[in-house]
Visitor: 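My questions will all concern the structure given below.
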Amino acid sequence: MRLSRYFLPILKEAPKEAEIVSHRLMLRAGMMRQQNAGIYSWLPLGLKVLKKIEAIVREEQDRSGAVEILMPSIQPADLWRESGRYDAYGKEMLRIVDRHEREMLYGPTAEEVVTDIFRTYVRSYRDLPLNLYNIQWKFRDEVRPRFGVMRGREFLMKDAYSFDVDQAGALRAYHKMFVAYLRTYKRLGLTAIPMRADTGPIGGKLSHEFIILASTGESAVFCDKDLLDLPVPGEDVDFDGDLSPVVDMFTSRYAATDEMHDEAAFAALPEDRRVSARGIEVGHIFSFGTKYSEPMGAKVAMADGSEQPVIMGSYGIGVSRLIGAIIEASHDDAGIIWPESVAPFGAGVISLRPDDAAVTAACEDAYAKLAAAGKDPLYDDTAARPGAKFASMDLIGLPWQIIIGPKGLADGVVELKRRATGDKELVSLESAIARVTEKA
RNA sequence: CGGGGCAUAGCGCAGUCUGGUAGCGCACCUGCUUUGGGAGCAGGGGGUCGCAAGUUCGAAUCUUGCUGCCCCGACCA
């Protein structure tokens, strides 16, 4: 993309409503625009990152065996009356009445809808296990939206729902998601710690929150330091095999959020392994048995001819929130530092003198070769001054910058800059391109 | 939902106390000079001062009501 033809409204000063660093940087980098409290328009740069995160989440869901569907954002109230949650959910649910006075709601989650889909089509234990997921905008009318995308009212969520015939199957389903989540966060450059959690209004007894440690986190968390360095399974992990050793490895160490914290158990840890920090919740998984299948009549025929309600679980990842979480975990004074996997562009090409024919030729060359190599470069071909270009490029945090100017070209070199470390090298254009395009 | 604060140009702000018809920086437009870490000079455009009533000869400024947004706390992907 040529910057001169792009839409990248960078701000020199952050709007005053933005308090935390990820919110400020997202607004300054022109990733999004607030339209209402907790409601945002996604601008090109932000949308690119959102889609990259979404793609990784999707890949790992698919890998684990979950099947993607897409459920509506507007749901009928009657389904929620069946589960009993229409009244239970309270003011957080945005309720709507259509022109025929039918009661609707903007979905805050989709247990009822997915259970309805399931009961319509699935009749036999032979069709299980099944895990259906979707990535859809949700709306929760938070009393106090804040921190930008970290606590918005409208947010993009991946929600998966597992259906099994018995508890053993439900546990396997839970383990699959557990491991899929570990892999997802790892690929996003995050260290997420599974912590035993309260189940809240969704219900059930087995539940974990996946937490990223960050000083701006909303809740106090406590865990064993060892958890920060545990190995996450690779792509070759067998989701049909026994995943319990992996899950046990993570769950056998102490980790709890504020409300589940056990001071005595925590104190039993050696002092140098006690981590007391703040955390951002980036995922939450639940196993809740027949809480929805029972009242909503989602039953299957068993081998002996009897009918039984299915055992369910639900598994959420806040996709839009992850953008904020990643920035909180990866930035410096100059701006965002994207992990390669989610960077909106793979590299930036900065022309220091767009009116210089040799510089332009070299930039065009770099731009074409990086594009051909699939690096999706952003080429700053604008007439802005060098300092402004450097500042903007640092702000938007692309992993690599190739800086091309007349002085360097006279010596046959360009500047290759690594955003994460700030390291700069003077190398030939060819080797700069080679470095950027080489496999990690 | 309790407590606090803010609302003036795209963004950041001054002006409000003490009423006299709106200003600064950045951004934007034109020209010239510049160009390796947010350029300089000259000229220019843009605001029903959140909305509505009221007080007054006169309201950004005073009064009342409303709306929006932010922060702290309790709750949540």
Side-chain angles (χ1 to χ4, degrees), chain A residues 9-20 23-24 27-28 30 33-39 57 89-93 107-110 135-160 181 192 197-202 207-212 218-219 257-259 279-286 314-325 334-335 350-356 359 382-395 401 403-411 413-415 417 422 424 426:
Chain A
I10 282 177
L11 304 176
K12 233 169 159 174
E13 292 172 282
K16 64 180 170 187
E17 71 266 16
E19 198 72 7
I20 65 168
H23 192 192
R24 275 206 303 274
L27 294 173
R28 287 231 294 131
R33 151 142 184 101
Q34 179 166 336
Q35 302 290 167
N36 248 315
I39 299 177
V57 169
Y89 217 94
K91 288 190 165 181
E92 254 190 30
M93 183 152 74
T109 174
I135 299 174
Q136 172 65 293
W137 292 94
K138 302 294 190 294
F139 195 95
R140 293 184 190 173
D141 199 1
E142 298 281 347
V143 240
R144 188 184 159 211
R146 62 186 132 165
F147 302 149
V149 88
M150 303 281 280
R151 176 151 307 286
R153 291 194 291 172
E154 187 181 47
F155 58 97
L156 187 61
M157 182 167 93
K158 185 285 301 181
D159 41 322
Y181 276 35
D198 197 14
T199 53
I202 297 194
S207 176
H208 285 90
E209 286 179 8
F210 287 78
I211 303 276
I212 288 164
E218 290 192 81
S219 45
T257 58
D258 215 1
E259 61 266 27
I280 300 169
E281 181 183 353
V282 290
H284 201 161
I285 61 180
F286 305 84
S314 75
Y315 314 88
I317 288 183
V319 177
S320 45
R321 172 184 285 186
L322 274 168
I323 299 186
I350 298 179
S351 170
L352 294 179
R353 288 292 297 270
D355 57 348
D356 180 304
V359 170
T382 64
R385 299 174 62 81
K389 293 188 174 194
F390 295 141
S392 297
M393 200 58 89
D394 284 350
L395 174 64
Q401 297 171 16
I403 300 159
I404 304 176
K407 292 181 189 168
L409 279 189
D411 298 331
V413 295
V414 300
E415 184 178 311
K417 177 174 166 182
K424 299 179 215 172
L426 294 174

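Given the structure is predicted, the values throughout are model-derived calculations rather than measurements. Lettering follows sequence order; numbering is per chain, from 1.
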Visitor: With both distances under 3.5 angstrom, what nucleotide forms a Watson-Crick or G-U wobble pair with B/A74?
Guide: none
Visitor: Among A/Val319, A/Ile317, A/Ile212, find the residue that satisfies the side-chain contact (heavy atoms from CB on, under 4.5 Å) test when tested with A/Val282.
Guide: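 With A/Val282 as partner, A/Val319, A/Ile317, A/Ile212 yield a single side-chain contact (heavy atoms from CB on, under 4.5 Å), made by A/Ile212.
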Visitor: Base, sugar-phosphate or nothing for A/Gly152? Non-hydrogen atoms, less than 4.0 Å.
Guide: base
Visitor: Nearest-nucleotide wise, let me know which of A/Glu218 and A/Asp394 is further upstream toward the 5' end of RNA chain B.
Guide: A/Asp394
Visitor: Looking only at atom C1', what distance separates B/U63 and B/C1, rounded to whole Å?
Guide: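 Per the computed distance, 29 Å lies between those C1' atoms.
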Visitor: Can you confirm whether A/Asp394 sits close enough to A/Gln401 that some side-chain heavy atom of one is under 4.5 Å from a side-chain heavy atom of the other?
Guide: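 Touching, per the 4.5 Å side-chain cut-off.
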Visitor: Heavy atoms only, 4.0 Å cut-off, all strands: where does A/Ser392 land among base, sugar-phosphate and nothing?
Guide: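 Base contact - A/Ser392 has a heavy atom under 4.0 Å of at least one base atom.
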Visitor: Which one is paired to B/C17, where only Watson-Crick or G-U wobble pairs with both distances under 3.5 angstrom count?
Guide: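 By the stated definition (distances under 3.5 Å), nothing pairs with B/C17.
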Visitor: Can you give me the N/O atom pairs linking the protein to nucleotides 68-73 of chain B at distances under 3.5 Å, or say none if there are none?
Guide:
{"residue": "B/C69", "atom": "OP1", "partner": "A/Asn36", "partner atom": "OD1", "Å": "3.0"}
{"residue": "B/C69", "atom": "OP1", "partner": "A/Ala37", "partner atom": "N", "Å": "2.8"}
{"residue": "B/C69", "atom": "O3'", "partner": "A/Gln34", "partner atom": "NE2", "Å": "3.2"}
{"residue": "B/C70", "atom": "OP1", "partner": "A/Gln34", "partner atom": "NE2", "Å": "3.0"}
{"residue": "B/C70", "atom": "O3'", "partner": "A/Glu17", "partner atom": "O", "Å": "3.3"}
{"residue": "B/C72", "atom": "OP2", "partner": "A/Arg144", "partner atom": "NH1", "Å": "3.4"}
{"residue": "B/C72", "atom": "OP2", "partner": "A/Arg144", "partner atom": "NH2", "Å": "2.1"}
{"residue": "B/G73", "atom": "N7", "partner": "A/Arg144", "partner atom": "NH1", "Å": "3.4"}

Visitor: Output the rounded distance in Å from CD (A/Gln401) to P (B/G37).
Guide: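 To the nearest whole Å, that distance equals 14 Å.
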Visitor: What integer number of Å spans the C1' atoms of B/C41 and B/G4?
Guide: 47 Å
Visitor: Could you state the atom-to-atom distance from CE of A/Met393 to C1' of B/G37 in whole Å?
Guide: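 Answer to the nearest Å: 14 Å.
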Visitor: Heavy atoms under 4.0 Å is the rule here; annotate nucleotides 40-47 of chain B 5' to 3' with B where the base is hit, S where only the sugar-phosphate is, and - elsewhere.
Guide: --------
Visitor: Mapping A/Phe155 and A/Arg33 to their closest nucleotides on RNA chain B, which lands nearer the 5' end?
Guide: A/Arg33
Visitor: How far apart are the closest heavy atoms of A/Pro108 and A/Met157, and which atoms are they?
Guide: O-CE, 4.3 Å
Visitor: What is the base-pairing partner of B/A9, counting Watson-Crick and G-U wobble geometry with both distances under 3.5 Å?
Guide: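 Base partner found: none.
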Visitor: By the 4.0 Å heavy-atom rule, please label A/Lys91 as base, sugar-phosphate, or nothing.
Guide: sugar-phosphate
Visitor: Taking pairing as Watson-Crick or G-U wobble with both contacts under 3.5 Å, can you name the mate of B/C51, or confirm there isn't one?
Guide: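 Check on B/C51: paired to B/G65, both distances under 3.5 Å.
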Visitor: When you compare B/G38 with B/C26, how far apart are their C1' atoms, in angstrom units rounded to a whole number?
Guide: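 Pairwise C1' distance, B/G38 against B/C26, rounds to 10 Å.
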Visitor: Ignoring hydrogens and angles, tell me if any N or O in the side chain of A/Lys389 forms a donor-acceptor pair with the backbone of A/Thr382 under 3.5 Å.
Guide: yes
Visitor: On a whole-Å scale, what distance lies between the P atoms belonging to B/C70 and B/G12?
Guide: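 B/C70 and B/G12 have their P atoms separated by 13 Å.
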Visitor: Step by step, would you call A/Leu352 with A/Val359 a side-chain contact (heavy atoms from CB on, under 4.5 Å)?
Guide: CA-CA 8 Å; A/Leu352 294 179; A/Val359 170; 5.6 Å; no
Visitor: For A/Arg153, which residues count as a salt bridge (charged side-chain N to carboxylate O under 4.0 Å, His left out) partner, sequence neighbours excluded?
Guide: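 Checked A/Arg153 against salt bridge (charged side-chain N to carboxylate O under 4.0 Å, His left out); matches are A/Asp141.
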Visitor: So what's B/U30 paired with, Watson-Crick or G-U wobble, going by both distances under 3.5 Å?
Guide: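 Across any shown strand, B/U30 pairs with B/A42.
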Visitor: Would you measure the distance from the P atom in B/G47 across to the matching atom in B/C11 and give it in whole Å?
Guide: 15 Å
Visitor: Quick one: salt bridge (charged side-chain N to carboxylate O under 4.0 Å, His left out) partners of A/Lys158, sequence neighbours excluded?
Guide: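 Once residues adjacent in sequence are excluded, A/Lys158 has no partner under the salt bridge (charged side-chain N to carboxylate O under 4.0 Å, His left out) criterion.
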Visitor: What's the CD-C1' distance between A/Glu209 and B/C75, to the nearest Å?
Guide: 13 Å
Visitor: Please measure how far the C1' atom in B/G37 lies from the corresponding atom in B/C13, and state the result in whole Å.
Guide: 26 Å
Visitor: Can you tell me which residue among A/His23, A/Glu218, A/Glu19, A/Glu17 is in a side-chain contact (heavy atoms from CB on, under 4.5 Å) with A/Arg146?
Guide: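 Single side-chain contact (heavy atoms from CB on, under 4.5 Å) partner of A/Arg146 among A/His23, A/Glu218, A/Glu19, A/Glu17: A/Glu218.
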Visitor: For each nucleotide in nucleotides 25-36 of chain B, reading 5' to 3', give B when a protein heavy atom comes within less than 4.0 Å of its base, S when such contact involves only the sugar-phosphate, and - otherwise.
Guide: BS-------BBB
Visitor: Both distances below 3.5 Å, Watson-Crick or wobble geometry, any strand: find the nucleotide opposite B/G37.
Guide: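 Its partner: none found.
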Visitor: Determine the Euclidean distance between corresponding C1' atoms of B/G58 and B/G19; express it in Å to zero decimal places.
Guide: 8 Å
Visitor: Measure CD/A/Glu142 against P/B/C75 and give the value in whole Å, please.
Guide: 13 Å
Visitor: Could you check whether A/Arg28 gets within reach of a base, just the sugar-phosphate, or nothing at all, counting any heavy atom under 4.0 Å?
Guide: base
Visitor: For A/Asp355, what residues pass the salt bridge (charged side-chain N to carboxylate O under 4.0 Å, His left out) criterion, not counting sequence neighbours?
Guide: A/Arg353
Visitor: Got a second to check how far A/Ile39's CD1 is from A/Arg33's CZ, nearest 0.5 Å?
Guide: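 Atom-to-atom, A/Ile39:CD1 and A/Arg33:CZ are 13.0 Å apart.
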Visitor: Take atom C1' in B/U55 and the same atom in B/A59, then report the distance between them in whole Å.
Guide: 10 Å
Visitor: Any heavy-atom pair between the side chains of A/Arg321 and A/Phe147 that's under 4.5 Å?
Guide: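 Counting from C-beta outward, A/Phe147 and A/Arg321 never come under 4.5 Å.
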Visitor: Taking atom types as modelled, is there a side-chain donor on A/Asn36 or A/Glu154 under 3.5 Å from an acceptor on the other?
Guide: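 Side-chain D/A pair, A/Asn36 to A/Glu154: absent.
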Visitor: Tell me, do A/Asp159 and A/Lys138 make a side-chain contact under 4.5 Å, heavy atoms counted?
Guide: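 In short, these two side chains touch, coming nearer than 4.5 Å.
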